[in-house]
Amino acid sequence: MCVGLAARVVNVKDGTAVIDAGGAKRDVSAELLEDLEPGDYVMVHAGVAIAKITDDDADETMGILKMHAR
């Protein structure tokens, strides 16, 4: 099974985004997405931001992951 991770964009520079996923900050490739800005939420898979998502989508994804982590 492949799992994407919802994360908030902290910074974007030269095709790389710094994301915050539940307090853990990571650098990911942002080359697939245009007009990515700090504060946006993205779905990340294998170190690549693959899609912009809404705040509600991010909340729902985090809730599902927390529920299954029990």
Side-chain angles (χ1 to χ4, degrees):
M1 173 198 315
C2 296
V3 176
L5 176 66
R8 185 179 56 83
V9 175
V10 176
N11 190 18
V12 181
K13 184 177 180 183
D14 298 328
T16 300
V18 176
I19 59 160
D20 182 341
K25 292 193 170 106
R26 304 272 188 256
D27 291 339
V28 299
S29 172
E31 299 211 3
L32 296 179
L33 304 177
E34 295 181 15
D35 302 324
L36 197 59
E37 297 181 8
D40 288 343
Y41 282 86
V42 292
M43 185 62 61
V44 177
H45 177 68
V48 179
I50 59 173
K52 281 187 183 182
I53 60 174
T54 67
D55 296 356
D56 291 337
D57 292 335
D59 292 341
E60 181 180 357
T61 301
M62 293 294 198
I64 291 169
L65 290 174
K66 286 180 184 176
M67 184 173 56
H68 289 287
R70 294 180 196 184

Pairs under 3.5 angstrom only: tabulate donor-acceptor contacts from the side chains of residues 4-18 to other protein residues two or more places apart or in another chain.
none

Could you list the donor-acceptor pairs under 3.5 angstrom formed between side-chain atoms of residues 25-36 and any protein atom two or more places apart in sequence or on another chain?
unit_1: S29; atom_1: OG; unit_2: E31; atom_2: N; d: 3.4

All salt bridge (charged side-chain N to carboxylate O under 4.0 Å, His left out) counterparts of D55, not counting sequence neighbours: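 So D55 forms no salt bridge (charged side-chain N to carboxylate O under 4.0 Å, His left out) with any residue.
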Side chain to side chain contact (heavy atoms under 4.5 Å, CB included) partner of Y41, chosen from I19, I53, T54: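 Single pass found, and it is I53.
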